[in-house]
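A short write-up of the structure that comes next.
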Amino acid sequence: MKNILSSKYFKDKVILLLGLILGLLTMFSVISVMLRADGSQSSTILRYWTIQGAAEFEKQSPTELYSFAIFAVLALIIGVYVSYKVYEIYRPASITTLLLAQFLMFSNIIVSGAILNLQQ
């Protein structure tokens, strides 16, 4: 079995930079959800939409908001794992995988921020 740390993947500066950015975005997403989610309420707004000008809200348990943090961690783990496996085959695909994971993280931050702003 070859040593995982001797791999060229962990010596590639572009990969390390993208992985660092992805890790920081994940930390920001998890921390922002954990700090802003209020578990003391009996129900919280999880979905908001308008139908013909009338606002509709879907209420759920406040623990459902923690799914944004769980999604952020899973996106990090899966993104780095797939990127690592693809790196040996085709380096640009590995970089693209990390960039797509960063896009997912930005989307997660925006959506969770919008839903958490409805709580106030």
Side-chain angles (χ1 to χ4, degrees):
M1 182 168 174
K2 78 177 187 183
N3 187 359
I4 192 169
L5 294 178
S6 67
S7 172
K8 288 197 268 183
Y9 181 81
F10 293 105
K11 295 177 183 173
D12 191 332
K13 290 182 176 152
V14 174
I15 296 290
L16 287 178
L17 177 66
L18 292 175
L20 175 68
I21 293 170
L22 181 60
L24 291 174
L25 286 172
T26 302
M27 283 180 28
F28 177 74
S29 178
V30 169
I31 290 171
S32 69
V33 168
M34 293 298 178
L35 290 178
R36 295 172 66 191
D38 186 13
S40 65
Q41 299 175 355
S42 62
S43 67
T44 186
I45 298 170
L46 197 60
R47 187 180 298 164
Y48 170 79
W49 67 92
T50 58
I51 298 174
Q52 297 176 352
E56 297 282 333
F57 298 101
E58 179 180 325
K59 296 192 179 251
Q60 294 282 335
S61 168
T63 57
E64 295 290 327
L65 293 174
Y66 296 124
S67 62
F68 289 108
I70 294 169
F71 174 77
V73 172
L74 285 175
L76 170 73
I77 292 169
I78 292 170
V80 171
Y81 178 76
V82 170
S83 174
Y84 176 74
K85 289 296 184 182
V86 171
Y87 184 81
E88 297 173 1
I89 300 168
Y90 191 58
R91 181 179 176 265
S94 179
I95 292 171
T96 303
T97 303
L98 288 175
L99 288 172
L100 289 173
Q102 288 178 9
F103 174 74
L104 276 175
M105 210 56 61
F106 277 123
S107 300
N108 187 40
I109 290 169
I110 291 169
V111 171
S112 67
I115 290 178
L116 288 167
N117 280 338
L118 290 174
Q119 310 308 313
Q120 300 167 358

Locate the shortest heavy-atom distance separating [X] from [Y]; write the atom from each residue and the value.
{"X": "S29", "Y": "I109", "value": "CB-CG1, 3.7 Å"}
{"X": "L65", "Y": "V33", "value": "O-CG1, 3.5 Å"}
{"X": "S83", "Y": "L98", "value": "OG-CG, 3.5 Å"}

Output a table of donor-acceptor pairs, distance under 3.5 Å, between side-chain atoms of residues 69-77 and any protein atom two or more places apart or on a different chain; print 'none' if there are none.
none

[X] side, atom [atom1]; [Y] side, atom [atom2] - distance, nearest 0.5 Å:
{"X": "I21", "Y": "F106", "atom1": "CD1", "atom2": "CZ", "answer": "8.0 Å"}
{"X": "R91", "Y": "T96", "atom1": "CZ", "atom2": "OG1", "answer": "10.5 Å"}
{"X": "I15", "Y": "L22", "atom1": "CD1", "atom2": "CG", "answer": "11.0 Å"}
{"X": "L25", "Y": "L20", "atom1": "CG", "atom2": "CG", "answer": "9.5 Å"}

- Does G113 offer a backbone N or O that forms a donor-acceptor pair with the side chain of N117 under 3.5 Å? yes
- Query: Considering residues, nucleotides and ligands other than M34, do more than 12 of their heavy atoms fall under 6.0 Å from its CE?
  - Reply: yes
- Are side-chain heavy atoms of F68 and I115 found at a separation under 4.5 Å? yes
- Message: Under a 3.5 Å cutoff, is there a donor and acceptor pairing between the side chains of T97 and Y87?
- Response: no
- Shared hydrophobic cluster for F103 and L24 (ILVMFWY, side-chain gaps under 4.5 Å): no
- Message: Is there a continuous path of hydrophobic side-chain contacts, each under 4.5 Å between heavy atoms, that joins L99 to F28?
- Response: yes
- Task: Using side-chain hydrogen bond (donor to acceptor under 3.5 Å, both in side chains) as the criterion, list what pairs up with T26, not counting sequence neighbours.
- Result: none
